[in-house]
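Reviewing the structure listed below.
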Amino acid sequence: MPELPEVEVVKRSLENNINDLVIKKVIINTNKLRYIINKKKLKEVVGRKITSITRRSKYLLIHFDKNISLIVHLGMTGKFLILNKKKKLEKTSFYYKLNSKDTKHDHIVFNFENNVKLIYNDVRKFGFIKLIKTNDINSSNHIQFLGPEPFSKKFNLTYFLKYIRNKKKTVKDLLMDQKFVSGLGNIYVNEVLYLSKIDPKRKSFRITTIEIKKIISFIRQILKKSIKDGGSSIKDFSDGGGRSGVFQQNFKVYNKEGDKCFTKNCKEFIKKTSISNRSTFYCRRCQK
DNA sequence: TTCTTTGTTCCGGA
DNA sequence: GTCCGGAACAAAGA
């Protein structure tokens with residue numbers, strides 16, 4: 001599930017593989033992903049050259065010359081594949097498993113010069129790719145309401161304290177809220193609260209200063225590590241069968257229901273519950 | 001057939 | 001008005 005680190009990893013591999021290239025052709029195999037696709041508009045990228053690739057929260061932004069950009073959200077299962085001129089798969093996509101079934105979900109193919117292809121594959125079709133004027137990105141509905149990036153200076157103790165005043169929602173829902181901090185999803189929020197030893201059901205306004213410091217610190221720590229491991233999963237990526245990203249093996253609570261708690265000397269088992277209709281994993285003994 | 005998955009939005013109720 | 005959270009939605013696989 002692509003959250004900030006996975007999107008960052010994808011961003012970096014796109015940067016390494018398709019920056020500076022000119023699009024020759026776009027093949028669109030579906031009428032809709034998350035939204036109806038405006039095929040004619042999307043094809044305006046033909047003839048345009050990629051000038052840079054950036055990320056905001058979980059959005060990928062591919063910038064072209066002539067004030068054109070693509071805004072991309074990977075949804076649940078969106079991924080990019082790059083084929084180079086030798087038809088060889090580039091080491092680009094995190095936890096991508098190669099098998100014949102997957103090609104039927106190749107929804108959009110961008111052809112570049114030199115026979116380089118960028119393929120957008122998405123089993124669930126909850127992701128999207130939209131053409132947008134570069135100047136309009138920051139005022140777009142997707143971007144304008146996003147809270148600060150977790151690594152930004154703005155996301156600090158003072159901001160946190162001010163924001164949670166009178167906030168009655170659970171600390172888990174708070175961290176999931178993209179208006180508060182952008183880029184975290186269910187998986188990393190579960191992990192962060194476990195590392196911070198905080199019960200996910202606690203009310204936000206009851207979180208102490210010391211706990212806030214832990215939360216901020218662990219968010220940055222785990223995101224950084226996952227980006228690094230995503231990088232290493234790319235390094236290990238093999239086109240004969242694929243391989244899951246190392247970061248998935250680093251989860252301590254997510255999807256670990258019934259496993260023994262990771263904390264030393266804790267004999268408790270990881271519990272699963274639901275908060276705001278989202279799977280929530282925690283240790284009853286360690287998280288207070 | 002039903003349940004699950006996620007991010008996002010919508011809406012009723014507090 | 002504002003906030004909260006449950007439900008709905010998208011598609012497909014188990």
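Sequence lines set the chain letters: A, B, ... in the order given, protein chains first and strands last, and positions in each chain run from 1.
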Atom [atom1] of [X] to atom [atom2] of [N]: distance rounded to whole Å?
X	N	atom1	atom2	value
A:Phe126	B:dT8	CZ	C1'	11 Å
A:Asn121	C:dA11	CG	C1'	13 Å
A:Lys58	B:dT6	NZ	P	11 Å
A:Lys125	C:dA10	NZ	C1'	10 Å
A:Met76	B:dT8	CE	C1'	13 Å
A:Leu33	B:dT6	CG	C1'	16 Å
A:Asp106	C:dA11	CG	C1'	16 Å
A:Tyr59	B:dT6	OH	C1'	13 Å

Are any of the side-chain nitrogens in A:Glu149 or A:Arg56 under 4.0 Å away from the carboxylate oxygens of its partner?
yes
Check whether any side-chain nitrogen or oxygen of A:His105 sits under 4.0 Å from OP1 or OP2 of C:dG13, and answer yes or no.
yes
Taking only nitrogen or oxygen atoms into account, show me every contact under 3.5 Å that the protein makes with nucleotides 9-14 of chain B, one pair per line with its distance.
none

Apart from A:Tyr282 itself, what residues make up its hydrophobic cluster, given side-chain heavy atom links below 4.5 Å?
none
For A:Asp177, all residues meeting side-chain hydrogen bond (donor to acceptor under 3.5 Å, both in side chains), sequence neighbours excluded:
A:Lys169
Indicate for each nucleotide in nucleotides 2-7 of chain C, in 5' to 3' sequence, whether protein heavy atoms under 4.0 Å reach the base (B), only the sugar-phosphate (S), or nothing (-).
--SSSB
Identify the residue among A:Lys130, A:His73, A:Gln178 that makes a side-chain contact (heavy atoms from CB on, under 4.5 Å) with A:His142.
A:Lys130
Mind checking what makes salt bridge (charged side-chain N to carboxylate O under 4.0 Å, His left out) contact with A:Asp199, not counting sequence neighbours?
none
Holding to ring pair (Phe, Tyr, Trp, His ring centres under 6.0 Å), I want the full list of residues that pass it with [X], two or more places apart in sequence or in another chain.
X	result
A:Tyr194	none
A:Phe281	A:Tyr254
A:Tyr159	A:Tyr163, A:Phe180

For A:Lys272, report the nucleic acid contact type (base, sugar-phosphate, nothing); a contact means any heavy atom under 4.0 Å.
sugar-phosphate
Table of protein N/O atoms under 3.5 Å from nucleotides 1-3 of chain B N/O atoms:
none

Quick test of your reading: applying salt bridge (charged side-chain N to carboxylate O under 4.0 Å, His left out), list the pairs with at least one residue in residues 23-32 of chain A, sequence neighbours left out, ordered by first then second residue.
none
So ring pair (Phe, Tyr, Trp, His ring centres under 6.0 Å) across residues 8-46 of chain A, not counting sequence neighbours, yields A:Tyr35-A:Phe128
Pairing residues for A:Lys11 by the side-chain contact (heavy atoms from CB on, under 4.5 Å) criterion, not counting sequence neighbours
A:Glu8, A:Glu15, A:Ile53, A:Arg55, A:Leu60
